[in-house]
Amino acid sequence: MTMKKILFITSLYLVSNQLFSQLVPSEFEQITHLVTFGADSKPGWGDDDHTQIFFFIVPESFTKPVYIRVFDPDIGGQYDEPNGEWDTGVKFSVYGGKGAHSEPDAKKIDPVGNFKSGTLLASKLFQSEEKYDGKWYSFGPFNPMDGEEFPQLNGRVFKVIAEGIAGNDGNLYKYFLSTKNFENKEVEGANAFTYEYSFRLPEVKNSVAHLYPFIEDDVISITQHNFDFDFEGSIMIYSIAKNRHRATPSKNREWGRSKHPIIDEEKNTTVDLQIVKGRTSRNDMVCYVTNQYDEAVAFFSVPVGGPPKFKYKLNVRYKDKDNGND
Amino acid sequence: MRISILTVLVFISFRLLAQDFPSVLADKECIILDLSGSVERENSDLIYKWDLGDGTEAYGITVEHCYDSIGEFQASLAIIDPISSMNFDDEYVETVKVLPAVVLEITQSKGEFGQDLEARLTGSSISDATFYWSWENSHESGKKLSGIEKNKEVRVLARFTFQGEETFLSKEIITGS
């Protein structure tokens, strides 16, 4: 990656993240919770691989300790998705150091190979435990220097892997990158991203969930992949040049895919993958986006450069009232 | 130039004198809003709905509408997804200006024998303008009217050719007001 490109992405990143917190899912996304099901659950519950990998970026300029907090990490009680008795364990692990993100396997869609790359900094297995139900659990403190250097985004990266170890229930949870152990206090300029998103959609009809992949300047097409949407509504691609282009939604337990060209105007911008609910229901699903090289494109919790706004091309003409001439 | 009522009647009937006409003629009150440059195959099945700012709505990638009055109107676009029935409101707002093409005005001044009035048409593509004045039981033609008492209701009817067609505008005032 050239220095010019690094600087460009960094400047966009800094502009977009100055005011917003690091709650994941963010307010921009309008997503209820992240979801990871136990290893024994069937794909029809909405999780294809029982693993979710998120990366947190701490700005290079931030030197105080940080905490990665998990809301409702247990599997039971409130929020979570039961499938029979609560018998599920989900392990959260935090990685930093060299290779945490730069290792190619860490950026792949499926949890295969060396995806647990980097240095393990903390780990904990959660099961059905009332003391964590509906509460925040903090990993850390972590020295930002323990994150992997990521010059493109002018920061350091920590990786969090949520693995469904056993059982068949669904763990619904949220993250927050915080400067405090016992409260959510944002790290100014931080962000989070993932290459595959497993989440619960908002329940109500007509709600719109947003995912924000950032399109780098070498991308000429993207393919969106979505799993187990159950044909519950519409999936649309929205950007400065695409006004809700139809994307292919998925059926129950299946993947839906559609390829969409990227034009020059859309390079170095964020695209908004909009998932529109057509009925009220509980629905967990998975999404990822790949480029023309079949490489995964990162979804940012806080859209880089801000949410896109389509540029309408409206032609206004006056018309003769009587004879119909323009 | 003062002419007799008989002469006036040669040019124009009582029906026209009494008929109500606007004092302003709108030219470009009909518009076409064309979104086709923003629509591709992948989003052509969305429903494009315009609130045209005067209480009317129109649907389509290209819509046509004629406004009934002069002014500025905020035309707002909403998009509806027919699959989910989701409304995306206020997607785009366009200010539409309906401007007057011809305006009939009357100016008053205090003359030696009462109020002096002058009618004037402003706008382009106007030719062959004639003005007919009426007040109480009197009628007169000409651009100017002189020596009218105060507090008289005076009406002027303008007949002219606009863009090749015979056109009428009218206006009323109270003298001295």
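Residue numbers begin at 1 in each chain, while the letters A, B, ... track the order of the sequences. These numbers come from the heavy atoms of this one structure, side chains and all, not from hydrogens, waters or symmetry mates.
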TODO: Select one option (side chain, backbone, both, neither) describing which atoms of A/Ala247 are under 4.5 Å from chain B's heavy atoms.
DONE: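 Contact with chain B involves no heavy atom of A/Ala247 at all.
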Task: Heavy-atom proximity to chain B below 4.5 Å, by part of A/Lys277 - done: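 For A/Lys277, the contact with chain B is made by the backbone alone.
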TODO: Report the option among B/Val96, B/Thr62, B/Leu35 that has the most heavy-atom pairs separated by less than 4.5 Å from atoms of chain A.
DONE: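 If we count pairs closer than 4.5 Å to chain A, B/Leu35 comes out on top.
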Open item on the list: Looking at chain A, which one of B/Asn87, B/Val98, B/Asn43 has the largest number of heavy-atom pairs inside 4.5 Å, strictly under?
Closed with: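 Heavy-atom pairs under 4.5 Å are most numerous for B/Asn43.
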Task: A/Phe54: which of A/Tyr173, A/Tyr197, A/Phe176, A/Tyr195 passes ring pair (Phe, Tyr, Trp, His ring centres under 6.0 Å) - done: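 It is A/Tyr197; the other options fail the test.
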Open item on the list: Taking every non-hydrogen pair under 4.5 Å, which of A/Gly278, A/Gly233, A/Ser207, A/Ser234 racks up the most with chain B?
Closed with: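 That would be A/Ser234.
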Task: B/Glu91, part contacting chain A, at a heavy-atom distance under 4.5 Å - done: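 Both the backbone and the side chain of B/Glu91 come within 4.5 Å of chain A.
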TODO: Would you confirm whether B/Ser23, through its side chain, and B/Ser170, through its main-chain N or O, come within 3.5 Å as a donor-acceptor pair?
DONE: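 Such a contact is absent between B/Ser23 side chain and B/Ser170 backbone.
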Open item on the list: Taking the side chain as everything from C-beta on, heavy atoms only, tell me whether A/Arg246 gets closer than 4.5 Å to B/Asp45.
Closed with: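 Answer yes - side chains close enough.
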Task: Side-chain heavy-atom pair B/Tyr132, B/Arg159 within 4.5 angstrom cut-off - done: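 Side-chain contact under 4.5 Å: yes.
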TODO: Verify side chain to side chain donor-acceptor pair (under 3.5 Å) between A/Ser281 and A/Asn283, making sure each step is shown before the conclusion.
DONE: CA-CA 6 Å; A/Ser281 67; A/Asn283 194 350; 4.9 Å; no
